[in-house]
Amino acid sequence: MAKEKKETGNVAGKTLLYFMPIAWRHYKGFFFCGAVNIILKAIQPFVSIMMTPLILDELLGGRNIQKLLTYVAVIAIGGTFLSLMASITDVIMEKYSEKMENFFTEKMSRRVMELDFQLTEDKKALDQIEKARTGMDWYSGGVYGISMQVFQMISNTLKIAGVILLIIMNAPALFAITAFLLLINTFINSRKNAIEIESFNRLSKLNRIFGYLGWDLVDFRYGKDIRLYDAKDMMVEKWNCYNQESLSNWKWQADRLLPLNAAGTVFDAVKDFCTYLYLGILVIMGKITIGTFSQMLTAGATLNSAMQGLIMNIQELIKRTNYAYEYVKFMGYPPAIKKGSRPVKDVPHTIEFKNVSFTYPNTDVKVLEDVNIIIHPGEHLSVVGLNGAGKTTFIKLLCRLYDTDKGEILLDGINIKEYDYSEYMGLFSPVFQDFNLLAFSVKDNIVLDRTCPEKDLHTLIEQVGLKDKMDTLEKGMDTMLFKFFDENGIEPSGGEQQKIAIARSLFKKAPVVILDEPTAALDPVAEYDIYRQFDTLVGEKTAVYISHRLSSCKFCDCIAVFSEGRIKEYGTHDELVLKPNGIYAEMFAAQAQYYH
Ligand code: ADP
């Protein structure tokens with residue numbers, strides 16, 4: 001708790017130090033405009049503060065028309081010019097607001113996509129993403145919102161310095177009255193801010209849930225299940241339940257803010273009473289003229305509004321930087337897995353699991369236990385076992401989506417944690433069972449951001465059996481998938497999606513390919529055909545095939561049979577099928593009719 005408090009004190013500084021240098025590097029024009037805006041807004045009120053007493057004293061005294069016209073002209077022309085210029089700079093700065101928001105949103109999206117996979121299942125990390133997103137967009141107003149507070153702070157400080165000088169010269173006690181009541185207001189405002197920040201923290205979890213219920217579930221891909229399982233009422237009920245929680249949070253906030261707002265109004269009235277009383281006495285005593293009386297009233301009001309403005313700016317700045325700090329925290333979110341810097345050598349790779357055990361974070365069931373296996377270069381390994389045996393987990397560890405708890409995984413004799421992460425990831429092209437295609441064109445889904453000669457792409461499309469489908473489409477491989485961006489987008493069948501995913505994995509030209517049951521929706525015979533066809537395309541590369549069926553076993557060099565997190569049997573098809581009471585022999589006997 002104490003640690004958290006200490007951090008809060010530094011938050012404004014840390015946030016400004018993070019954002020301002022980046023914003024300055026990319027948007028210098030914004031800061032130049034800000035500087036002009038500060039000066040214009042600081043001198044704006046002084047036009048009427050200086051001219052009004054001159055007009056009043058002239059009206060009550062000499063009544064010189066020429067002088068009066070000059071004073072009025074200065075107010076009208078000077079005031080209008082300053083406010084016009086200030087408005088122009090305001091508009092220019094607002095244009096920067098959009099650009100800066102997009103810039104920092106893109107930066108965050110990149111970070112989300114680079115985040116260690118393990119964190120995408122971590123509740124704390126997901127909450128942090130939500131806090132960063134809403135903290136940056138809604139609550140802080142982003143870099144624009146924060147910078148505007150800083151600009152206004154400087155502008156208000158200049159105003160205050162000028163007005164205090166005037167007041168001290170004419171009615172010194174007025175300064176004391178205003179300052180004292182402002183201190184009280186500051187206290188009230190800081191209490192209000194603390195309440196609002198606490199409410200924000202309570203709401204961030206709820207916003208993530210609302211995001212899921214209100215946005216993700218509108219995704220038509222959930223539509224079938226929602227209709228067929230009649231889940232609509234459950235969704236609405238959940239929505240209402242969380243809505244209730246959200247409303248009670250807003251009520252909690254409003255109940256606490258009400259007395260503070262009332263107290264603020266009372267103190268304002270007290271301040272007005274004291275000001276008029278004091279200045280009136282000075283006039284009666286002949287210490288100031290009517291002109292100066294009015295000047296002091298305007299100066300007092302300006303001091304009050306500038307001081308309130310300044311305090312509000314400081315509090316707003318603290319509040320907004322606190323919200324935006326969630327973004328800074330997210331950008332520096334600690335990695336979930338260890339990453340090294342060793343380059344991956346361009347040699348045929350040997351992979352070895354040595355006494356590997358693994359338990360998923362925040363759970364206590366050992367999913368893998370003491371797994372030992374060597375995958376030689378170019379070997380085709382089939383990993384089989386019942387659902388839940390740990391096959392996918394084995395692949396996730398190999399692909400560094402998680403780190404092992406115990407034991408080690410070696411690539412060419414060296415622990416995989418020591419390798420440069422992206423070079424290591426470059427070795428694998430897996431197709432996971434829950435692969436997802438993007439709502440872009442077929443071609444984009446296969447090549448992603450790489451380039452590729454059309455001819456090669458056509459060959460690949462033919463190899464994975466997508467040519468016939470592509471020929472029926474008017475735009476061929478440029479046809480969009482799904483209907484997010486294009487109403488003519490296609491909804492590919494499960495089989496077609498698998499073929500596109502397989503084409504993507506082959507296109508990557510990585511030395512190790514992995515098929516993790518992407519065919520689970522197919523019948524055993526169709527699955528066997530796809531695995532066999534894929535195996536031909538894989539050729540000399542290392543390949544790992546996962547299935548709870550035996551689709552790939554007959555043409556693979558080795559078979560590892562997983563059961564309850566362990567490799568219970570290992571060998572070739574011919575060896576395992578003859579093993580008395582063997583798991584594999586039993587599975588094969590049950591499924592033999594599919595694989596002849
Ligand atoms: P298989 O691929 O053999 O069907 P998995 O490796 O997917 O098995 O799962 C093995 C066990 O690990 C299962 O009991 C599953 O519920 C559990 N498991 C899988 N993923 C996670 C996860 N992200 N968090 C916690 N437990 C998980």
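Nothing fancy with the numbering, it's 1 onward along the sequence.
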Please give me the minimum heavy-atom distance between [X] and [Y], naming the atom from each residue.
X    : Y    : value
K509 : K541 : CA-NZ, 3.6 Å
T15  : A324 : CG2-CB, 3.9 Å
M477 : E454 : CE-OE1, 4.3 Å
I514 : C399 : CD1-SG, 3.8 Å
M480 : A439 : CE-O, 3.9 Å
T359 : T363 : CG2-O, 3.3 Å

Is there any side-chain hydrogen bond (donor to acceptor under 3.5 Å, both in side chains) pair reaching into residues 555-573, and which pairs are they, with sequence neighbours excluded?
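Checked against side-chain hydrogen bond (donor to acceptor under 3.5 Å, both in side chains) - neighbours excluded - the pairs reaching residues 555-573 are H573-Y584.
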Which pairs, with at least one residue in residues 374-388 and sequence neighbours excluded, count as a side-chain hydrogen bond (donor to acceptor under 3.5 Å, both in side chains)?
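Of all non-adjacent pairs touching residues 374-388, those that pass side-chain hydrogen bond (donor to acceptor under 3.5 Å, both in side chains) are H380-D535, S382-S552.
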Are any of the side-chain heavy atoms of [X] and [Y] separated by less than 4.5 Å?
X    : Y    : result
I567 : F353 : no
Y545 : V538 : yes
M331 : V328 : no
F19  : T321 : no
M470 : T479 : no
L115 : F330 : yes
M136 : V143 : yes
V512 : I375 : no

Side chain to side chain contact (heavy atoms under 4.5 Å, CB included) assessment of T404 paired with I409:
CA-CA 8 Å; T404 52; I409 305 171; 3.7 Å; yes
Atom [atom1] of [X] and atom [atom2] of [Y]: how far apart are they, to the nearest 0.5 Å?
X    : Y    : atom1 : atom2 : answer
S441 : I446 : OG    : CD1   : 8.5 Å
I337 : L401 : CD1   : CG    : 7.5 Å
I583 : E586 : CD1   : CD    : 8.0 Å
L381 : C553 : CG    : SG    : 9.5 Å
L437 : D444 : CG    : CG    : 12.0 Å
M108 : M113 : CE    : CE    : 11.0 Å

As a test of understanding, state which of V464, L460, L448, I502 forms a side-chain contact (heavy atoms from CB on, under 4.5 Å) with F507.
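Looking at V464, L460, L448, I502, the match for F507 under the side-chain contact (heavy atoms from CB on, under 4.5 Å) is L460.
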Got more than 12 heavy atoms from elsewhere within 6.0 Å of [atom1], [X]?
X    : atom1 : result
D471 : CG    : yes
Y242 : OH    : no
K28  : NZ    : yes

Donor-acceptor contact below 3.5 Å, side chain [X] vs main chain [Y]:
X    : Y    : answer
Y419 : L411 : yes
K131 : N201 : no
Q497 : P492 : yes
N415 : K417 : yes
Q533 : Q463 : yes
R342 : E418 : no
D420 : P343 : no
S429 : S505 : yes
K467 : I461 : no

With under 30° as parallel and over 60° as perpendicular, where do the rings of Y96 and Y27 fit, or are they tilted in between?
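Perpendicular.
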Report the relative orientation of the aromatic rings in H26 and F103; use parallel for angles under 30°, tilted for 30 to 60°, perpendicular for over 60°.
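Tilted.
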Before accepting this row, confirm whether a basic side-chain N of the pair [X]/[Y] lies closer than 4.0 Å to the acidic partner's carboxylate O.
X    : Y    : answer
E326 : K329 : yes
K579 : E575 : no
K366 : D405 : no
D403 : R400 : yes

Derivation of the side chain to side chain contact (heavy atoms under 4.5 Å, CB included) call for K99 and F30
CA-CA 11 Å; K99 288 187 201 164; F30 174 72; over 6 Å; no
Going through the distances and angles, do F435 and Q498 end up as a side chain to side chain contact (heavy atoms under 4.5 Å, CB included)?
CA-CA 8 Å; F435 70 87; Q498 278 148 11; 4.0 Å; yes
Please test Y327 against Y323 for ring-ring contact (aromatic ring centres under 6.0 Å, His included), starting from the C-alpha separation and ending with a verdict.
CA-CA 8 Å; Y327 181 102; Y323 293 138; over 10 Å; no
Holding to side chain to side chain contact (heavy atoms under 4.5 Å, CB included), I want the full list of residues that pass it with N355, two or more places apart in sequence or in another chain.
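Applying side chain to side chain contact (heavy atoms under 4.5 Å, CB included) to N355 gives D370, N372.
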Enumerate donor-acceptor pairs with a distance under 3.5 Å from any side-chain N or O in residues 345-352 to protein atoms, sequence neighbours excluded.
{"residue": "H349", "atom": "ND1", "partner": "V347", "partner atom": "O", "Å": "3.4"}
{"residue": "H349", "atom": "ND1", "partner": "D412", "partner atom": "OD2", "Å": "2.8"}
{"residue": "H349", "atom": "NE2", "partner": "V347", "partner atom": "O", "Å": "3.2"}

Any pair with a residue in residues 436-472 that passes ring-ring contact (aromatic ring centres under 6.0 Å, His included), sequence neighbours left out, goes on the list, sorted by first then second residue, please.
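Matches after skipping sequence neighbours: F440-F485.
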Decide yes or no on side chain to side chain contact (heavy atoms under 4.5 Å, CB included) for I490 and E496, but give the supporting numbers first.
CA-CA 11 Å; I490 55 161; E496 286 157 0; 5.6 Å; no
Side chains of residues 389-398: which donor-acceptor pairs under 3.5 Å do they make with residues two or more places apart or in other chains?
{"residue": "K391", "atom": "NZ", "partner": "G385", "partner atom": "O", "Å": "2.9"}
{"residue": "K391", "atom": "NZ", "partner": "L386", "partner atom": "O", "Å": "2.9"}
{"residue": "T392", "atom": "OG1", "partner": "Q433", "partner atom": "NE2", "Å": "3.1"}
{"residue": "T392", "atom": "OG1", "partner": "D516", "partner atom": "OD1", "Å": "3.4"}
{"residue": "T392", "atom": "OG1", "partner": "D516", "partner atom": "OD2", "Å": "3.0"}
{"residue": "T393", "atom": "OG1", "partner": "Y360", "partner atom": "OH", "Å": "2.9"}
{"residue": "K396", "atom": "NZ", "partner": "Y360", "partner atom": "OH", "Å": "3.4"}

